[in-house]
Each structure stands twice: as C-alpha cells, then as structure tokens.
Amino acid sequence: MSNSPGNTVPAEWETHAEKTNYRETPRYADTVAYCKRLAAASPLIRFMSFGQSGEGRDLPLLVASEGDTFTPDAARQANKPVILIQACIHAGEPDGKGCRPCSLARHRDHQDAR
C-alpha cells in the first residue's frame, strides 16, 4: 500500500510500514538500512550522521538536494533555503505513520530512486 494516490511503488521500495499496512513500526537498523539504500539509489539524497544517541547509535540524517548542495554552506552559496524536518521523535514517523510530509516514503516518491 502506498500513501501516494495513483503512485505505484515497486515492492522493494515500500517502507516497512507500507508493507504491513501501517500496523508495524520498523526497528532502528531497518530504518537506517532503508535510508542508506535510498541514498545509494539517488544522486539527490545523501546519508549522514549528526551525532550519537545516549546509546551510542548514530543519529541518521538524510539531506535531499539538487545541484550538489548537501551542506549548509553550499546551500547558502547557491541561495537555497535549508529546511530541517525532524521525523524520529516518535516511533513510526520515518515510515509515515502520523507524519507523512516528513516520511521516507515522501522523499522516495520525489526522487529518481525507483
């Protein structure tokens, strides 16, 4: 099930939540693996870390941009705004459970990753 009307998503690109009809939330490792796959498949997305949690796990960061402007300095030089969307405060947000505008599925749907 895809949350994007009229948009058919190949099974290998469905998020865990989409695959389970939003009944399940993925584990941290599954979410990070999906983020890395998305970044590897699209030149418009970069996977980074912006620190570590209290448990010592990386805090993942996806940057979506055109024109190789993946840092705040590069964006400023290109007169592009920098917008932070935080979507991991509650479990399920990265997959679009309750926060579709900031989900991985939304970013996937706007990239050439498919």
Side-chain angles (χ1 to χ4, degrees):
M1 171 182 149
S2 174
N3 238 2
S4 301
N7 187 14
T8 303
V9 176
E12 68 270 14
W13 284 109
E14 287 183 334
T15 66
H16 183 82
E18 288 172 323
K19 289 177 182 178
T20 63
N21 200 24
Y22 296 89
R23 290 185 186 102
E24 294 179 12
T25 299
R27 306 284 300 164
Y28 169 86
D30 296 328
T31 300
V32 169
Y34 187 92
C35 290
K36 288 179 177 180
R37 278 187 48 226
L38 191 58
S42 174
L44 304 177
I45 296 178
R46 296 269 170 91
F47 177 87
M48 303 174 195
S49 173
F50 68 95
Q52 289 193 327
S53 72
E55 297 173 335
R57 298 189 296 187
D58 280 333
L59 299 172
L61 173 69
L62 286 180
V63 178
S65 183
E66 292 179 330
D68 205 32
T69 51
F70 292 99
T71 66
D73 287 337
R76 272 191 288 279
Q77 289 176 0
N79 291 320
K80 290 184 176 183
V82 175
I83 301 168
L84 173 66
I85 300 172
Q86 188 169 350
C88 284
I89 297 171
H90 305 98
E93 286 177 344
D95 269 14
K97 291 174 80 176
C99 188
R100 178 68 183 170
C102 51
S103 72
L104 293 170
R106 183 167 175 101
H107 280 75
R108 173 208 59 217
D109 292 347
H110 290 285
Q111 305 303 317
D112 292 330
R114 294 180 278 135

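Only a predicted model underlies this, so the values are computations on that prediction, with no experimental measurement involved. Values below: all heavy atoms of this structure, side chains included; hydrogens, waters and symmetry mates excluded.
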Chemist: Are Ile45 and Val9 in one and the same hydrophobic cluster, where Ile, Leu, Val, Met, Phe, Trp and Tyr link if side-chain heavy atoms are under 4.5 Å apart?
Modeler: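 Looking at the clustering, Val9 is in the same group as Ile45.
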Chemist: For the residue pair Arg37 and Glu12, establish whether any side-chain heavy-atom pair is separated by less than 4.5 Å.
Modeler: yes
Chemist: Out of curiosity, does Met48 fall in the hydrophobic cluster containing Leu59 (side-chain heavy atoms, cut-off under 4.5 Å, transitive links)?
Modeler: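 Yes.
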Chemist: Under 4.5 Å between any side-chain heavy atoms of Asp58 and Gln52, yes or no?
Modeler: yes
Chemist: Minimum heavy-atom separation for Val82 to Pro72, with atom names?
Modeler: CG2-CA, 4.2 Å
Chemist: Find the distance between CZ (Phe70) and CG (Leu44) and round it off to the nearest 0.5 Å.
Modeler: 6.5 Å
Chemist: Rounded to the nearest 0.5 Å, how far apart are CZ of Arg76 and OG1 of Thr69?
Modeler: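 The CZ atom of Arg76 sits 12.0 Å away from the OG1 atom of Thr69.
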Chemist: Would you compute the distance between atom CD of Glu55 and atom CZ of Arg57 and round it to the nearest 0.5 angstrom?
Modeler: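 Between Glu55 CD and Arg57 CZ, I get 4.5 Å after rounding to 0.5 Å.
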Chemist: Measure across Ala74 and Asp68 and return the closest heavy-atom pair with its distance rounded to 0.1 Å.
Modeler: CB-O, 4.4 Å
Chemist: Is it the case that one hydrophobic cluster holds both Phe47 and Phe50, taking links as side-chain heavy atoms less than 4.5 Å apart, direct or via other members?
Modeler: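 Per the 4.5 Å side-chain linkage, Phe47 and Phe50 are not co-clustered.
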Chemist: From Leu62 CG over to Ser42 OG, what is the distance, rounded to the nearest 0.5 angstrom?
Modeler: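 One finds 10.5 Å between CG of Leu62 and OG of Ser42.
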Chemist: What is the distance from atom CG of Leu38 to atom CZ of Arg46, rounded to the nearest 0.5 Å?
Modeler: 13.5 Å
Chemist: Is the shortest distance from a Lys or Arg side-chain nitrogen in Arg27 or Asp30 to a carboxylate oxygen in the other one below 4.0 Å?
Modeler: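 No, no charged N to carboxylate O under 4.0 Å.
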Chemist: Do the side chain of Tyr34 and the main chain of Trp13 share a donor and acceptor less than 3.5 angstrom apart?
Modeler: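 It does hold such a pair.
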Chemist: Hey, is the main chain of Glu66 close enough, under 3.5 Å, to the side chain of Lys80 for a donor-acceptor pair?
Modeler: yes
